[in-house]
Amino acid sequence: MTPFAKKVYRVVLSIPLGQTRTYKWVAQKAGRKGAYRAVGTILKNNPFPVIIPCHRVIKSSNILGGYVFGKESKSEILDLERRIKECLTSKK
DNA sequence: CAAACTATTCAGC
DNA sequence: GCTGAATAGTTTG
């Protein structure tokens, strides 16, 4: 586990539901502005992919990157999280 | 420590 | 829009 990885995880975990963030964004938040590739490398080598919502991390603001379950699944997951967010925001 | 790899991004055509 | 090059960190030897 590297210090930079920790930062990356923290940032990724800080991403709200239904929201997507880019590798560049995460890298910048982690302290390494231009380390977008390092972020991807870490996420793919991350020890606990389950606790890391890597599906919220994408290439660009509209283009999904790679994912263990498949990039196509990301879109579905994001849509699902979107509903969860509505459920949480909904006073009910 | 150095080399190779990568789930990326930018520039050029 | 696609191809090629560059950057930055992780992992392996």
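Here is the naming used below: chain letters follow the sequence lines, and residue numbers restart at 1 for every chain.
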Notebook entry, point to check: Which one, dT10(C), dA8(C), dT9(B), comes nearest to the side chain of I42(A)?
Noted result: dT10(C)
Check: Distance from L80(A) atom CG to L17(A) atom CG, nearest 0.5 Å?
Finding: 9.5 Å
Check: Once you round to the nearest 0.5 Å, how far does CG of L78(A) lie from NZ of K85(A)?
Finding: 11.0 Å
Tell me the interatomic distance from [X], atom [atom1], to [N], atom [atom2], rounded to whole angstroms.
X      : N      : atom1 : atom2 : value
K24(A) : dT6(B) : NZ    : P     : 23 Å
W25(A) : dA7(B) : CH2   : C1'   : 18 Å
K59(A) : dG1(C) : NZ    : P     : 14 Å
Y67(A) : dT8(B) : OH    : P     : 15 Å
R37(A) : dA5(C) : CZ    : P     : 13 Å
I77(A) : dA7(B) : CD1   : P     : 17 Å
F4(A)  : dT6(B) : CZ    : C1'   : 13 Å
I52(A) : dA7(B) : CD1   : C1'   : 14 Å

Notebook entry, point to check: Can you tell me if the side-chain N/O atoms of K74(A) get under 4.0 Å from OP1 or OP2 in dA7(B)?
Noted result: no
Margin query: Is any side-chain heavy atom of P53(A) closer than 4.5 Å to one of L13(A)?
Written below: yes
Note to self: Should the side chain of Y23(A) and the base of dA7(B) be counted as holding a donor-acceptor pair, with the cut-off at 3.5 Å?
What the structure shows: yes
Notebook entry, point to check: What about T41(A), does its side chain sit under 3.5 Å from the base of dT6(B) through a donor-acceptor pair?
Noted result: yes
Determine the contact category for [X]: base if any of its heavy atoms lies under 4.0 Å from a base atom, sugar-phosphate if only primed atoms, P, OP1 or OP2 are that close, otherwise nothing.
X      : result
R32(A) : sugar-phosphate
V68(A) : base
T2(A)  : sugar-phosphate
L43(A) : base

Note to self: Looking at dA3(B), which nucleotide sits across from it as a Watson-Crick or G-U wobble partner, both distances under 3.5 angstrom, or is there none?
What the structure shows: dT11(C)
Note to self: Walk me through whether V57(A) and I15(A) qualify under side chain to side chain contact (heavy atoms under 4.5 Å, CB included).
What the structure shows: CA-CA 9 Å; V57(A) 186; I15(A) 302 172; 4.3 Å; yes
Note to self: More than 12 heavy atoms of other residues, nucleotides or ligands under 6.0 Å from NZ of K33(A): yes or no?
What the structure shows: no
Next item on the list: Would you kindly compare A35(A) and M1(A) by the position of their nearest DNA chain C nucleotide and give the one closer to the 5′ end?
Entry: A35(A)
